[in-house]
Amino acid sequence: MSGRKKVAVLISGRGSNMEALIKAARAAGCPFEITAVISNNPGAGGLKTAREEGIATAVIDHREFETREAFEEVLYETLLVFAADLVACAGFMRIMTEGFTRRLEGRMLNIHPSLLPAYKGLHTHERALRDGVRLHGCTVHFVTADLDGGPIIIQGAAPVLSGDTADTLAARVLRVEHKIFPRALALVASGRARLENGRTVIEADADEAAFITSPSL
Ligand code: GAR
């Protein structure tokens, strides 16, 4: 029996962050394993990748449910079936109710493509370009009922360069996402990052602290 934490990854699309998590889980000593990939979108490209990696998948199409709560009930039951210790939202494009987030408090992480609390919501790269910011990036945070507002675990910065389009900027930020999401998940899986009284508490050594403040591209 391994003591690794079982992680269910929630996706809605391509699943490149999911792939980064799968790859990280294969490394020796990684404190988590990816045991399931669940999508609300039957057409999500990441489902095929997950199957090819030999990971169990499930589709729960939100359009088949009358209410958000009914969809989340089935999602929660599915997480129980997979005995998920932790949930990683990797491009999962559903807003969650307070009740659902409460049930998974401290156990559900999300990656967001901005340096929160800047640019919550959608179209983060377009908005960053419009504002002319020079520093952009991504954030992994615990999911709470406060949309994109849960306690931050790790952030990674990426520069905005002249001539950037939303696509070139998104690609640069995505490379950082792939670095920080596995690190954040490992910190939580090993118990060294925790949600306590609405804040993230992290026990990190100096090297990790340096990574947390400034993961290199
Ligand atoms: C990622 O950039 C992720 O940060 C973003 O969706 C993309 C998914 O890409 N998430 C959100 O916008 C959540 N509000 P992926 O499917 O290739 O990981």
Side-chain angles (χ1 to χ4, degrees), residues 7-25 32 34 36-53 55 57-62 68 71-72 75 86-97 100-101 104 108-130 133 135-160 164-185 188 215 217:
V7 177
V9 183
L10 306 187
I11 63 168
S12 297
R14 158 185 72 180
S16 72
N17 275 288
M18 170 205 77
E19 275 186 79
L21 296 178
I22 292 171
K23 216 170 269 171
F32 62 83
I34 308 299
V37 171
I38 304 170
S39 180
N40 65 303
N41 170 17
L47 285 168
K48 182 170 177 280
T49 315
R51 287 187 201 114
E52 284 166 2
E53 296 285 347
I55 293 168
T57 61
V59 174
I60 306 167
D61 188 341
H62 64 278
R68 219 173 264 286
F71 164 73
E72 289 175 345
L75 177 55
L86 297 171
V87 179
C89 302
F92 185 62
M93 307 305 275
R94 300 303 301 163
I95 291 173
M96 295 167 181
T97 65
F100 185 74
T101 59
L104 291 161
M108 181 157 61
L109 287 65
N110 179 51
I111 181 122
H112 182 77
S114 76
L115 290 173
L116 290 169
Y119 308 121
K120 294 178 179 180
L122 299 175
H123 310 299
T124 57
H125 309 304
E126 287 88 342
R127 288 155 63 205
L129 285 173
R130 209 178 305 137
V133 298
L135 201 59
H136 189 43
C138 47
T139 303
V140 181
H141 62 94
F142 285 111
V143 178
T144 65
D146 183 6
L147 183 67
D148 297 330
I152 291 167
I153 305 165
I154 295 189
Q155 297 186 291
V160 181
D164 262 338
T165 63
D167 285 347
T168 59
L169 183 55
R172 192 175 308 118
V173 170
L174 194 66
R175 286 201 298 277
V176 184
E177 294 186 34
H178 296 165
K179 289 188 167 224
I180 68 169
F181 207 1
R183 290 294 283 257
L185 189 56
V188 174
L217 272 173

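In what follows, every heavy atom counts, from backbone to side chain, and hydrogens, waters and symmetry copies are set aside. All ligand and atom numbering here is 1-based and tracks the order in the structure.
A perpendicular orientation is assigned to the rings of H112 and H141, their planes being inclined by more than 60° (bins at 30° and 60°).
Every residue two or more places apart in sequence or in another chain that forms a side-chain contact (heavy atoms from CB on, under 4.5 Å) with A145 is listed here: E98, T101.
Side chain to side chain, N41 and S12 fail the donor-acceptor criterion of an N or O pair below 3.5 Å. A donor atom on one side chain and an acceptor atom on the other are found under 3.5 Å apart for E72 and T97.
For K23, the NZ atom sits in a loose shell: 12 or fewer heavy atoms of surrounding residues, nucleotides or ligands are nearer than 6.0 Å.
Here the closest heavy-atom approach between residue I154 and residue A184 is recorded as CD1-N, 3.6 Å.
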Under 3.5 Å, N/O to N/O: give me all the pairs between ligand 1 and the protein, one per line with atom names and distance.
from: ligand 1; atom 1: 2 (O); to: E177; atom 2: OE1; distance (Å): 3.1
from: ligand 1; atom 1: 2 (O); to: E177; atom 2: OE2; distance (Å): 2.9
from: ligand 1; atom 1: 4 (O); to: E177; atom 2: OE1; distance (Å): 2.8
from: ligand 1; atom 1: 4 (O); to: E177; atom 2: OE2; distance (Å): 3.4
from: ligand 1; atom 1: 9 (O); to: R14; atom 2: NH2; distance (Å): 3.1
from: ligand 1; atom 1: 16 (O); to: G15; atom 2: N; distance (Å): 2.7
from: ligand 1; atom 1: 17 (O); to: R14; atom 2: NE; distance (Å): 2.5
from: ligand 1; atom 1: 17 (O); to: R14; atom 2: NH2; distance (Å): 3.1
from: ligand 1; atom 1: 17 (O); to: S16; atom 2: N; distance (Å): 2.8
from: ligand 1; atom 1: 17 (O); to: S16; atom 2: OG; distance (Å): 2.6
from: ligand 1; atom 1: 18 (O); to: S16; atom 2: N; distance (Å): 3.4
from: ligand 1; atom 1: 18 (O); to: N17; atom 2: N; distance (Å): 2.9
from: ligand 1; atom 1: 18 (O); to: N17; atom 2: ND2; distance (Å): 3.0

